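Residue numbers start from 1 in every chain, and the chains themselves are labelled A, B, ... in the order their sequence lines are given, proteins ahead of strands. Just so you know, these numbers come straight off a predicted model, no measurement behind them.
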Amino acid sequence: MNQTEQKKFFSHHLLEWYMQNKRDLPWRRHRNPYYIWVSEIMLQQTRVDTVIPYFNRFIERFPTVEDLADAPEQDVLKCWEGLGYYSRARNLQAAAKQVKELHGGQVPDDKAAVFALKGVGPYTAGAVLSIAFNKPEPAVDGNVMRVLSRYFLIEDDIMKASTRSFMEGLVVELIPEGRASDFNQALMELGALVCTPKSPHCLTCPVMEHCAARLEGVEESLPVKTKAKPPRPEHRVVALVEGSGEHAGKVLIRQRPQEGLLARMWELPHVQVPQSRSGRIPDEPAMDIAIGSLLEEGIAARPEGYMMDAEHTFSHIHWNLQVYRCREEFMPVAAETRAAYEAVAAVPESTATEYRWIAEEDMALYAFPNVFLKILREYFKSLPATP
DNA sequence: AAGTCGGGGCA
DNA sequence: TGCCCAGACTT
């Protein structure tokens, strides 16, 4: 069998398999370009089962591009809470504003316009154009590269940009006339259900008999991929400050900076501590550091004791968190101290860190990264029930 | 080209 | 517990 026949076989049998085996997914129930766009952004780095409930809530809350464009950013982040990579949510809303202003609220169907949307790169542009508009554009994600690297025995490193370009050219050749939407979805569906990263289910694969990697017995060692660097460890001390007086029953939270890691989300106050050789630092100095960092923000508190450890792994950082319960103290000079500090530091209102006291029910109003959600839930669960 | 940016599933 | 998954943006 020559290469042309191998390609024809692949396209034909993969498409037939997909039409019989495709999953019933919320964004496949209508051909609504907005639904498809939202789903593709959510599906970046994220598995289908995780995305489904988020997608349903998101569409219920923001049914149209205009609803998303006009919403407060915090509402959008709250809807994304726990899904990760929050720049996706911020970019998606910025792009919704672009679509509203430039395209009358209709997701554009031409390549340049789709590609110009914030958060839309080569993969997502191809996915929207092909899945929503049936345009013969490649949509090459990790699933597609895994499937193609095995079937055609491509041993180039899939982390290289040149490899993705090559795969895009290959996909364009493979798309059957007029079937871009189903074919691109078929490629990804095969990667997700059959041609899995570890122990692929070759015996149920519709194209196994001409899969080059399978014929060579090397399917498990493809695709070739450089390993990511391990995340660097960081130790942090977290203060869970319980309010006193008018803040009784509430805890102190703050908003993260406008840019960078977890931008504009909310968190418990915490401070990084130097790496100690033994790993965690003893409770006494840890609590001193926590209290000291709060005082610098004009918040007086006394330590009450150790609460819990928590861990959180980002792609490039691993947080080791030591959480301590603290109690707000009344310190009449605190306000003056803070005023004096802010005068000296000349902190502009817009860049000063925002602190708030919140009760359990207020958690619904603020978007937290999972690790702080976990700590807060643990804390409120531990409280004696209030009648 | 290399670093930044989350979170979950699995053995 | 450790390993795997990997798309867009920034520098």
Side-chain angles (χ1 to χ4, degrees), chain A residues 37-54 77-95 98 114-128 137-149 156-165 167-168 184 188 191-193 195-201 220-234 256-267 279 309-321 367-375:
Chain A
W37 175 29
V38 170
S39 73
E40 289 300 336
I41 298 295
M42 287 186 172
L43 286 164
Q44 291 168 7
Q45 331 289 301
T46 313
R47 43 200 331 123
V48 165
D49 290 345
T50 305
V51 165
I52 289 172
Y54 281 92
L77 285 176
K78 187 65 189 177
C79 240
W80 212 272
E81 182 184 71
L83 198 53
Y85 284 114
Y86 299 97
S87 65
R88 295 184 297 173
R90 299 189 302 266
N91 286 337
L92 180 59
Q93 195 192 16
Q98 287 178 276
V114 173
F115 204 82
L117 298 174
K118 275 207 162 197
V120 175
Y123 164 72
T124 309
V128 170
E137 295 288 336
V140 175
D141 70 349
N143 288 310
V144 173
M145 288 198 281
R146 187 170 58 253
V147 169
L148 296 180
S149 70
D156 302 318
D157 184 346
I158 62 166
M159 295 304 279
K160 289 170 64 178
S162 57
T163 305
R164 203 203 61 221
S165 297
M167 301 260 188
E168 286 172 347
N184 276 345
M188 293 186 272
L193 300 180
C195 198
T196 46
K198 281 186 284 190
S199 45
H201 310 105
E220 294 256 25
S221 56
L222 287 174
V224 173
K225 187 173 177 239
T226 56
K227 284 200 206 312
K229 281 192 350 182
R232 63 174 184 271
E234 281 184 10
R256 291 189 56 87
Q258 294 296 303
E259 307 293 336
L261 185 69
L262 303 167
R264 306 197 279 281
M265 302 213 23
W266 293 77
E267 64 180 8
D309 276 15
E311 287 186 49
H312 195 65
T313 307
F314 304 89
S315 304
H316 57 308
I317 306 171
H318 180 85
W319 277 356
N320 293 290
L321 304 179
F368 297 96
N370 263 358
V371 66
F372 294 110
L373 221 41
K374 187 179 153 195
I375 296 167

Between atom [atom1] of [X] and atom [atom2] of [Y], what is the distance when rounded to the nearest 0.5 Å?
{"X": "A:R232", "Y": "A:H316", "atom1": "CZ", "atom2": "NE2", "result": "5.5 Å"}
{"X": "A:D157", "Y": "A:M145", "atom1": "CG", "atom2": "CE", "result": "9.5 Å"}
{"X": "A:N320", "Y": "A:E311", "atom1": "CG", "atom2": "CD", "result": "5.0 Å"}
{"X": "A:N184", "Y": "A:N143", "atom1": "CG", "atom2": "CG", "result": "12.0 Å"}

Specify the separation, in whole Å, of atom [atom1] of [X] and atom [atom2] of [N].
{"X": "A:E311", "N": "B:dG8", "atom1": "CD", "atom2": "C1'", "answer": "15 Å"}
{"X": "A:M159", "N": "B:dG3", "atom1": "CE", "atom2": "P", "answer": "12 Å"}
{"X": "A:F368", "N": "B:dG6", "atom1": "CZ", "atom2": "P", "answer": "16 Å"}
{"X": "A:L43", "N": "B:dG7", "atom1": "CG", "atom2": "C1'", "answer": "14 Å"}
{"X": "A:H318", "N": "B:dT4", "atom1": "NE2", "atom2": "P", "answer": "17 Å"}
{"X": "A:N370", "N": "B:dG8", "atom1": "CG", "atom2": "C1'", "answer": "9 Å"}
{"X": "A:I317", "N": "B:dG7", "atom1": "CD1", "atom2": "P", "answer": "12 Å"}
{"X": "A:L83", "N": "B:dG8", "atom1": "CG", "atom2": "C1'", "answer": "11 Å"}

Heavy atoms under 4.0 Å, any strand shown: does [X] hit a base, just sugar-phosphate, or nothing?
{"X": "A:A263", "answer": "nothing"}
{"X": "A:R146", "answer": "sugar-phosphate"}
{"X": "A:K225", "answer": "base"}
{"X": "A:L262", "answer": "sugar-phosphate"}
{"X": "A:S315", "answer": "base"}
{"X": "A:R88", "answer": "nothing"}
{"X": "A:Y85", "answer": "base"}
{"X": "A:D141", "answer": "sugar-phosphate"}

- request: Just say parallel, tilted or perpendicular for the rings of A:W319 and A:F314, cut-offs at 30° and 60°.
  value: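 Ring orientation of A:W319 relative to A:F314: perpendicular.
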
field: side-chain N/O A:H312 vs B:dG7 OP1/OP2, d < 4.0 Å
entry: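 Affirmative; the distance criterion is met.
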
message: Please determine whether a side-chain nitrogen or oxygen atom of A:H316 lies at a distance below 4.0 Å from atom OP1 or OP2 of B:dC5.
response: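 Checking A:H316 against B:dC5: at least one side-chain N or O falls below 4.0 Å of OP1 or OP2.
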
- request: With a 4.0 angstrom cut-off to heavy atoms of chain A, pull out the first and last contacting nucleotide of DNA chain C, in 5'-to-3' order.
  value: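 Extent of the interface on DNA chain C: C:dC4 to C:dC9.
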
First of A:A161 and A:K198 reached from the 5' end of DNA chain B, by closest nucleotide: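 By nearest-heavy-atom nucleotide position, the 5'-most residue is A:A161.
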
message: Please compare A:F314 and A:K160 by the position of their nearest nucleotide in DNA chain B and report the one closer to 5'.
response: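 Nearer the 5' end of the strand: A:K160.
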
Return a table of donor-acceptor pairs under 3.5 angstrom between the side chains of residues 115-126 of chain A and protein atoms on other chains or two or more places apart.
from	atom 1	to	atom 2	distance (Å)
A:Y123	OH	A:E40	OE1	2.5
A:T124	OG1	A:Q44	NE2	2.8

- request: Tell me which of A:T124 and A:K227 sits closer to the 5' end of DNA chain C, going by the nucleotide each one is nearest to.
  value: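 By nearest-heavy-atom nucleotide position, the 5'-most residue is A:K227.
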
query: Are A:M167 and A:P138 side-chain neighbours, meaning at least one heavy-atom pair lies under 4.5 Å?
result: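 Result no, sub-4.5 Å side-chain heavy-atom pair not found.
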
message: Please report the distance separating the P of B:dG6 from the corresponding atom of C:dC4, rounded so that it comes out in whole Å.
response: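 That atom pair is separated by 22 Å.
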
message: Taking only the C1' atom of each, what is the distance from C:dA6 to B:dA2 in whole angstrom?
response: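 My reading of the C1' atoms in C:dA6 and B:dA2 gives 15 Å.
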
Donor-acceptor contact below 3.5 Å, side chain A:R264 vs main chain A:R90: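 The answer is no, because no donor-acceptor pair under 3.5 Å joins these two groups.
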
